[in-house]
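Have a look at the structure below before the remarks.
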Amino acid sequence: MTTPTLPVVDLDLFASQSEYYSEAALEECRKAADALITYGALLLHDSRVSEDDNSTFLDLLEDYFAQPVSALKEDERPEIGYQVGVTLENTEKPKCAVDEPCLNVIARLDPSERPLDITAHSPDPKCRFFWKMSERPPYETQYPGLNAPNVVPQTEDLRQQWPLTMNKWGQSMKDAVEGLAEMAAIGLGLRRETFRNAGRYGPHLLAPTASDLVKYSQKDTILAGFHTDLNFLTIHGRSRYPGLNIWARNSGKRIPVKFPPTGRYLLVQAGKQLEHLTGGLIEAGYHEVVVNDATLEAVERRKRELPGRPIIRISSTFFWHLSSDYDLVPIPSLLERSRSIRADATNLGRADDTEMYEPMKVGQQVQNELRHIALLA
């Protein structure tokens, strides 16, 4: 049986043209929009992305999370929902473990396509670090806790490398995802700047996760339970250890994420803010991270090739947000398209209820979601 694969969108075709687009570039924009509608995800080719920068970033984060817990705790900021600094393992809860609509999604999947069982799952055994990559708004935001200053680790060798490495890799992914946002807008029949302007002052986050694959080395361990992302678009670089599965909207099939073996590629997934703004035309993509056979093979290979390095799975992840004070209301033309698609599509069993997209500020939507996953009281 052939494993489903994700469409590949070439950002280079679009980025090389400033104002007047060739038919090939417009077709690539339509391909990007269609991929997000159909799959909720795509692979993005961007020749500007440096694998060396990603490797330097992964090395730094492995060293950071190899520190004692006492050192890591210095960088926690629970009073603002862990929206900067570190979140230690067994803190973040997968929303789907207790969320009835999400459990219904799982129940409607074919048993062979379901995620690992999260109904008895404790909080995720992963750590995370949030590094803000945002532009300060020229107005007083209603959500200062979502726009807090960054935390820099105080260990001398880490502190010297941290801002430069985080900003360099973070900017690469930010540039790529903003280009993809412009492509998607054009492909959906909107103005190029629609999404980019809506997210200009968003609290964007370089947000690597860390999973200790010595401590959590048993096959079928859930590192991040079945969930969607609360932001607008999520973009990932290559991880050194496989284990990420996503679910296609059109088929409900589980797709193990595989990057092409060589080349400058990034994975992009739709988040809840994009779902809300498009009235469900594009749905936030469900995904999980687990320890599987490929993960364990990568662990053994890493031990042989670099025996002195920490065996920690780092996700090279960036969360792109809409601005906290932006009014999150479905775009009418996209809401109409959504209604027609929802009448026919699988939609992973989701309800056809436009009330789920009630108008609110983006900051309120983020706070609502953080409470669901136990990061905000």
* Asked: Taking NZ, NE, NH1 and NH2 as the nitrogens, is one of them in E297 or R301 under 4.0 Å from a carboxylate oxygen of the other?
  -> no
* Asked: Just by distance, with hydrogens left out, do E89 and Y216 show a side-chain donor and acceptor under 3.5 Å apart?
  -> yes
* Under a 4.5 Å cut-off applied to non-hydrogen side-chain atoms, are H236 and Q269 in contact? -> yes
* Minimum side-chain heavy-atom gap L88-F65 below 4.5 Å -> no
* **Check: R77 side chain, V84 main-chain N or O, donor-acceptor pair, under 3.5 Å** => no
* Asked: Below 4.5 Å, heavy atoms only, C-beta onward: do T155 and Y64 meet side chain to side chain?
  -> no
* **Side chains of R128 and Y82 in contact at under 4.5 Å (non-hydrogen atoms)** => no
* Asked: Could R240 and D59 be called an ion pair, given the rule that one side-chain N must be under 4.0 Å from one carboxylate O?
  -> yes
* Asked: Under 4.0 Å between a Lys/Arg side-chain N and an Asp/Glu carboxylate O for K272 and E275?
  -> yes
* Asked: Would you say the side chain of I331 lies within less than 4.5 Å of the side chain of L277, judging by non-hydrogen atoms?
  -> yes
* CD of E23: more than 12 outside heavy atoms within 6.0 angstrom? -> yes
* If we only count heavy atoms from C-beta on, is the I246 to L6 side-chain gap below 4.5 Å? -> yes
* Asked: Once the angle between the rings of H45 and Y265 is folded into 0 to 90°, is it parallel (under 30°), tilted (30 to 60°) or perpendicular (over 60°)?
  -> tilted
* Asked: Any idea which heavy atoms bring A66 and P310 closest together, and the distance?
  -> CB-CG, 3.9 Å
* **Residue pair A107 / R114: nearest heavy atoms and the distance that separates them** => O-NH2, 2.9 Å
* Asked: If only atom types and distance count, is the side chain of S22 paired as donor or acceptor with the main-chain N or O of A25 below 3.5 Å?
  -> yes
* **Ion pair R309/D63, N-O distance below 4.0 Å** => yes
* Is there a donor-acceptor pair closer than 3.5 Å between any side-chain N or O of S239 and the backbone N or O of I314? -> yes
* Asked: Just by distance, do the side chain of S315 and the backbone of T209 share a donor-acceptor pair under 3.5 Å?
  -> yes
* Mark yes or no for whether T91, through its side chain, and T87, through its backbone, hold a donor-acceptor pair below 3.5 Å. => no
* To do: Please test Y21 against F14 for ring pair (Phe, Tyr, Trp, His ring centres under 6.0 Å), starting from the C-alpha separation and ending with a verdict.
  => CA-CA 8 Å; Y21 310 115; F14 176 76; 5.5 Å; yes
* Does a side-chain heavy-atom distance below 4.5 Å link N197 with R191? -> no
* To do: State yes or no: are the ring centers of Y286 and F226 separated by less than 6.0 Å?
  => yes
* If you take all heavy atoms of G285 and H287, which pair is closest and at what distance? -> O-ND1, 3.0 Å
* Structure fact -> Nearest heavy-atom approach of S324 to Y143 is O-CE1, 3.5 Å
* Check: D124 side chain, K126 main-chain N or O, donor-acceptor pair, under 3.5 Å -> no
* Asked: Between A298 and P242, what is the shortest heavy-atom contact and its length?
  -> CB-CD, 3.8 Å
* Is it true that a side-chain atom of E182 and a backbone atom of C29 form a donor plus acceptor pair closer than 3.5 Å? -> no
* Enclosure of E156 CD (heavy-atom neighbours >12, cutoff 6.0 Å) -> yes
* Does some side-chain heavy atom of N90 sit less than 4.5 Å from a side-chain heavy atom of P125? -> yes
* N/O donor-acceptor pair under 3.5 Å between R339 side chain and G279 backbone -> no
* To do: Describe, in one word, how the ring planes of H204 and W320 are oriented to each other, choosing from parallel (under 30°), tilted (30 to 60°) and perpendicular (over 60°).
  => parallel
* To do: Let me see the working for E178 and K174 under salt bridge (Lys or Arg N to Asp or Glu O under 4.0 Å), right down to the final yes or no.
  => CA-CA 6 Å; E178 288 181 341; K174 186 169 186 265; 3.4 Å; yes
* Nearest heavy-atom pair of V329 and P359: which atoms, and what distance? -> CG2-CB, 3.8 Å
* To do: From the options D46, L11, L44, L233, select the one residue that forms a side-chain contact (heavy atoms from CB on, under 4.5 Å) with V177.
  => L233
* Under the 3.5 angstrom rule, does the side chain of S211 hit a backbone N or O of L213 as a donor-acceptor pair? -> no
